[in-house]
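Comments concern the structure below.
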Amino acid sequence: MEPAEMDAVEARLSRGQFLECRPVWYSSNSVFLGRLDCGDASLLVIYKPRSGETPLWDFPEGTLYRREAAAYRLARLLGWPLVPPTVIREGPAGIGSVQLFIRHDAEKHYFVQREDPSLWPQLQRLCLFDAIANNADRKGGHCLLDASGHVWAIDNGLCFNEQYKLRSVIWDWAGEPIPGELLAELEAGLERLRGDSAESAALRGLLSEREFEQTIRRAEQLVRAGVFPLPGPTRHYPWPLV
C-alpha cells in the first residue's frame, strides 16, 4: 500500500460511521470487528476501545490503544508498510484504536511464511521493526499474509515499553548481518525518526517522552551493530507461539 493510499484509508477510518460492531472472542482485551460506512464504500475494521483494556502491571494503564496507533506511525516513519492503517477515534465503546481489517488465510501464519524465501525481505523488516518498537508479544498469528503476498503485522498494543521486553517468534536471522539495502532503509528511517516532521511529531504525541527517546535509541543500536537482534537474557518468546 502506497503512502497516498494509506492517507486515504486513514481519512476513511477517521470519518466513517459505525454501522455494526461485533465482539471478537478469545481476546484478553475487548476487541470488536466493525463495519464503517464511508459514503462511497464500507470498510471492515478492528476496534479496540480503551474502556476494554485489561490493566497490566508492566504497562501504563489505558495506553494500549495508543500503542497500536504508535506502531502504525513508526512503520510509516521507517518507510515500511507493515502495520495496517490505524487511527484513534471515538467508537461505540468510547475512544480507542480503529485499524483496517486485513483479509487473510489464518493458516498461513509466520511459521508457514518463513518457508517462502520470497517473503524473507518483509519478515526481516518486521524483525527489525519489532526490535525498534520493543514488541513484547509478536506471535506467529500476528503476521497476516494477504492475497497479494503482503505481510501485515497486527496486535501491536504491547510495544514501546521503556524496559527491554522483546518477545517474538522471529529469530531466524538472529546475529546475522543486516543486508546492505535493508540497513540503508533503516538508516534513512532513523533520520526521519530523529527529525521534526509531522509524522515524527505524531509518533511522539502517542508516547511518553522517555518511550520516544528509547525508540530512537533502539534504532541507533541496530544501525551501529549492523546485525539482526539476538534473544535477550529473559524469556524471548511469546506464549502461545501462534
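The shown structure was predicted, so the numbers you read here are calculated from the model rather than taken from an experiment.
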Evaluate side-chain contact (heavy atoms from CB on, under 4.5 Å) for Tyr237 paired with Val169, printing each intermediate quantity in order. CA-CA 6 Å; Tyr237 55 89; Val169 296; 5.7 Å; no
Original post:
Between Arg194 and Glu220, is a side-chain contact (heavy atoms from CB on, under 4.5 Å) present by the stated rule, with each step listed?
Top reply: CA-CA 10 Å; Arg194 288 170 170 158; Glu220 290 172 339; 2.9 Å; yes
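- Note that OH of Tyr110 and SG of Cys127 are 7.5 Å apart. Values are rounded to the nearest 0.5 Å.
- Side-chain contact between Glu162 and Glu213 is absent, with no heavy atoms from C-beta onward closer than 4.5 Å.
- Summarising the geometry of Gly16 relative to Leu36, their closest heavy-atom pair is O-CD2, 4.0 Å, with the distance given to 0.1 Å.
- Ion pairing between a basic and an acidic side chain is recognised when a charged N comes within 4.0 Å of a carboxylate O; Glu10 and Arg76 show such pairing.
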**Prompt:** Could you go step by step and tell me if Leu222 and Val227 meet the side-chain contact (heavy atoms from CB on, under 4.5 Å) rule?
**Reply:** CA-CA 7 Å; Leu222 282 173; Val227 299; over 6 Å; no
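- Using modelled atom types, no side-chain atom of Asn135 and backbone atom of Cys159 make a donor-acceptor pair closer than 3.5 Å.
- Other residues, nucleotides and ligands contribute only 12 or fewer heavy atoms inside 6.0 Å of the CD atom of Glu181.
- A side-chain donor-acceptor contact under 3.5 Å links Asn134 to the backbone of Leu166.
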_Stepwise side-chain contact (heavy atoms from CB on, under 4.5 Å) check, Leu190 with Ile216_ = CA-CA 7 Å; Leu190 174 58; Ile216 293 177; 4.2 Å; yes
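- Applying the side-chain hydrogen bond (donor to acceptor under 3.5 Å, both in side chains) test to every pair with at least one member in residues 221-236, sequence neighbours left out, gives these pairs: Arg217-Gln221.
- Here the shortest heavy-atom pairing between Ala69 and Thr86 reads CA-CG2, 4.0 Å.
- For the pair Lys165 and Asp58, the salt-bridge criterion is met [side-chain N within less than 4.0 Å of a carboxylate O].
- Applying the ring-ring contact (aromatic ring centres under 6.0 Å, His included) test to every pair with at least one member in residues 58-90, sequence neighbours left out, gives no pairs at all.
- Between the side chain of Ser51 and the backbone N or O of Ala93 there is at least one donor-acceptor pair closer than 3.5 Å.
- Applying the ring-ring contact (aromatic ring centres under 6.0 Å, His included) rule to pairs touching residues 28-54 yields Phe18-Tyr47, Phe32-Tyr47, sequence neighbours excluded.
- Below 30°, between 30° and 60°, or above 60°: for Phe228 and Trp173 the angle between ring planes is between 30° and 60°, a tilted geometry.
- A heavy-atom distance below 4.5 Å is not found between the side chains of Asp105 and Leu145.
- The number of heavy-atom neighbours closer than 6.0 Å to CD of Glu176, taken from other residues, nucleotides and ligands shown, is above 12.
- Using a 4.5 Å heavy-atom cutoff, the side chains of Phe129 and Arg125 are not in contact.
- Ion pairing of Arg50 with Glu53 is absent here, as no side-chain N (NZ or NE/NH1/NH2) approaches a carboxylate O to less than 4.0 Å.
- Side-chain atoms of Ser200 never come within 3.5 Å of backbone atoms of Ser197 as a donor-acceptor pair (strictly under, hydrogens ignored).
- Scanning both residues, Gly94 and Pro49, for their nearest heavy atoms gives O-CB, 4.5 Å.
- Although no hydrogens or angles enter the test, the distance criterion places no donor-acceptor pair under 3.5 Å between the side chain of Thr54 and the main chain of Asn29.
- Closest non-hydrogen pair, Val98 versus Leu13, comes out as O-CD1, 3.8 Å.
- With rounding to the nearest 0.5 Å, the separation of CG in Leu206 from CZ in Phe160 is 8.5 Å.
- Contact check on Asp155 versus Lys48 returns a salt bridge, with a Lys/Arg side-chain nitrogen under 4.0 Å from an Asp/Glu carboxylate oxygen.
- Put simply, the residue from Gln122, Met1, Gln99, His104 that forms a side-chain contact (heavy atoms from CB on, under 4.5 Å) with Trp152 is Met1.
- The only option from Arg218, Arg138, Lys139 that meets the salt bridge (charged side-chain N to carboxylate O under 4.0 Å, His left out) definition with Asp130 turns out to be Arg138.
- Interatomic distance, Leu123 CG to Gln113 CD, rounded to the nearest 0.5 Å: 5.5 Å.
- Remark: side-chain polar atoms of Arg66 are not paired, donor with acceptor, to backbone N or O of Gly96 under 3.5 angstrom.
- You'll find the side chain of Val151 stays beyond 4.5 Å of the side chain of Leu144, heavy atoms only.
- Atom CD of Glu107 sits in a sparse spot, with 12 or fewer heavy atoms from other residues, nucleotides or ligands closer than 6.0 Å.
- One finds the CD atom of Glu187 at 12.5 Å from the CG atom of Leu78 (value rounded to the nearest 0.5 Å).
- The environment of CD in Gln163 is sparse: at most 12 heavy-atom neighbours from other residues, nucleotides or ligands sit within 6.0 Å.
- The distance from atom CZ of Arg204 to atom CD of Glu209, rounded to the nearest 0.5 Å, is 4.5 Å.
- By the 4.0 Å N-to-carboxylate-O rule, Arg192 lies too far from Glu199 to be salt-bridged with it.
- Considering every non-hydrogen atom in both Asp116 and Ser118, the closest pair reads OD1-OG, 2.7 Å.
- Using a 4.5 Å heavy-atom threshold, the side chains of Ile154 and Ile46 count as separate.
- Smallest separation of non-hydrogen atoms from Ala71 and Asn156: CB-CB, 3.5 Å.
- A salt bridge does not link Glu5 to Arg12: none of the charged side-chain nitrogens sits closer than 4.0 Å to a carboxylate oxygen.
- The shortest distance between side-chain heavy atoms of Cys143 and Leu126 falls below 4.5 Å.
- Side-chain contact check for Ser14 versus Ile88: every heavy-atom pair is 4.5 Å or farther apart.
- Put simply, the side chain of Arg167 gets close to the backbone of Ala136: a donor and an acceptor are under 3.5 Å apart.
- Taking the side chain as every heavy atom from C-beta outward, Leu64 and Leu56 approach each other to under 4.5 Å.
- We find the CZ-CD1 distance between Phe111 and Ile170 to be 9.0 Å, quoted to the nearest 0.5 Å.
- No side-chain donor-acceptor contact under 3.5 Å links Gln214 to the backbone of Glu211.
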